[in-house]
Amino acid sequence: SIQVSIPDCPEEELWKFLDREEMKTLLESLEIDLEQIEEEQQDNGGYEKNGYEELSGYTGEGTELVLPSSIEDTVMSGVASLAFKDNTKITSVEVPEGMRYIDVSAFEGCTGLKKITLPDSLTWIGGYAFSGCTSLETVTLPDTVETLGDQLFYYCTALDEVQIPEKVTELGGYTFYGCMSLKSFTVPKNLENIGAMSFVACPSLETIAVEDGNTKYQAVDNVLYDAE
C-alpha cells in the first residue's frame, strides 16, 4: 500500500507535496473517486467539438439541453452536421447567442424534440436540420436568418405554425412535406422561390396568404399561384 506523508504546512499548500498516486490514496480514504472527478472535469457535460469550432455531438443523458457557447475555451461557431441526429431522448434545446448556423441534419430524427430556441445571431440553417422531428410543434426563426436548406421540416408532423424571416428569399424543395398539422402559411414579401413539393401531404393546411409587396406569388381561394 502507498503511505502518504502529510507535511506540516497550510492546507492550501498541501497539494504541492502530493503526486497523483498519493492524492488518489488520500481522496479514496475520504471516499472520493479521483478518476471520476477527472472524467467529469474533462467530459464537458457530454458535449463534443470538432476541428472546425463546431459543437459536433452529445453523449450525455440530459433531455432539456442548453448548448454551451464554448467548449474548452473554444467558442462554438455553430452546430455541426449530424450532431444530434436520431437522439430520441432530448425534448428541448436552447442554442446560445453567438452561434451563426445549424448545419445539415443536425437534429434530424430527434423524435422527442418539442421545442427549440434559436438565437438572434443565427444566419443559416442547413437542409434536413429538423427533418423527422415528429414532436416539434412550433419554431420561431430569428429575423437574422437568411438561408434555409432543403427539406428543413420534412415530416415534422406536429408542426402547426412557422413564420419565414423577411431576409429569406428562397425555400428549398420539400420544406414542409408531410407537415400534417400545419394550419396556415404566409409568404413573406421577399420570398422569390418556393421549391417543389414544399406543401405536399399537408392535409390541415387551410390558409395560405401572400404578404403585400411580394411580386412573385399570389393566393386565390387559399391556393398559391405564380403572380401574373
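In this chain, numbering begins with 1 at the start of the sequence shown.
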One pair to check against side-chain hydrogen bond (donor to acceptor under 3.5 Å, both in side chains): Thr74 and Lys49. What are the steps and the verdict?
CA-CA 9 Å; Thr74 300; Lys49 66 175 182 176; 3.0 Å; yes

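- Screening Asn193, Val187, Ile164, Asp150 for a side-chain contact (heavy atoms from CB on, under 4.5 Å) involving Leu171 leaves a single residue, Ile164.
- When side chains are defined from C-beta on, Thr88 does not count as touching Leu113, because their heavy atoms never get closer than 4.5 Å.
- For Ser131 (side chain) and Leu152 (main-chain N/O), no donor-acceptor pair under 3.5 Å exists by modelled atom type.
- You'll find the side chain of Glu137 stays beyond 4.5 Å of the side chain of Leu159, heavy atoms only.
- Side chains of Tyr217 and Glu192: no donor on one and acceptor on the other come within 3.5 Å.
- Judged purely by atom type and a 3.5 angstrom limit, Thr144 uses its side chain to pair as donor or acceptor with the backbone of Leu122.
- A donor-acceptor pair shorter than 3.5 Å can be found between the side chains of Asn44 and Glu72.
- Side chains of Gln151 and Tyr128: a donor on one and an acceptor on the other come within 3.5 Å.
- Using a 4.5 Å heavy-atom cutoff, the side chains of Val79 and Phe84 are in contact.
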In sequence, state the C-alpha distance, the side-chain angles, and the governing distance for Lys216 and Asp226, and then conclude on side-chain contact (heavy atoms from CB on, under 4.5 Å).
CA-CA 6 Å; Lys216 298 294 183 179; Asp226 291 333; over 6 Å; no

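- Not a single donor-acceptor pair under 3.5 Å links the side chain of Thr134 to the backbone N or O of Cys156.
- At least one donor-acceptor pair under 3.5 Å links the side chain of Ser135 to the backbone N or O of Thr111.
- Leu118 is listed as a side-chain neighbour of Ile125, based on a closest heavy-atom distance under 4.5 Å.
- Between Ile116 and Val139, the closest side-chain pair of non-hydrogen atoms falls below 4.5 Å.
- Cluster annotation: Tyr154 and Leu136 are assigned to distinct hydrophobic clusters (Ile/Leu/Val/Met/Phe/Trp/Tyr, side-chain heavy-atom contacts under 4.5 Å, transitive).
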Let's go through Ser77 and Tyr101 carefully: what are the C-alpha distance in whole Å and the side-chain angles of both, what is the deciding distance for side-chain hydrogen bond (donor to acceptor under 3.5 Å, both in side chains) to 0.1 Å, and is it a yes or a no?
CA-CA 7 Å; Ser77 58; Tyr101 59 87; 3.0 Å; yes

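- Aromatic ring orientation, Phe107 versus Phe130: parallel (interplanar angle below 30°, classes split at 30° and 60°).
- A single hydrophobic cluster is seen to contain both Ile71 and Leu67, as judged by linkage of ILVMFWY side chains at heavy-atom distances under 4.5 Å, directly or through other members.
- With hydrogens and angles disregarded, a donor-acceptor distance shorter than 3.5 Å links the side chain of Asn214 to the backbone of Pro188.
- Using a 4.5 Å cut-off between side-chain heavy atoms of Ile, Leu, Val, Met, Phe, Trp and Tyr, with links allowed through other members, Leu191 and Met197 fall into different hydrophobic clusters.
- Hydrophobic clustering of Ile, Leu, Val, Met, Phe, Trp and Tyr side chains at less than 4.5 Å, counting indirect connections, unites Leu224 with Leu205.
- Cluster membership check: Leu55 does not share its hydrophobic cluster with Tyr52, using side-chain heavy-atom separations under 4.5 Å among Ile, Leu, Val, Met, Phe, Trp and Tyr.
- Thr207 and Lys183 share no side-chain donor-acceptor pair at under 3.5 Å.
- Between the Ser121 side chain and the Arg100 main chain, no donor and acceptor come within less than 3.5 Å of each other.
- Applying the ring-ring contact (aromatic ring centres under 6.0 Å, His included) test between Tyr155 and each of Tyr177, Phe176, Tyr174 identifies Tyr177 as the sole match.
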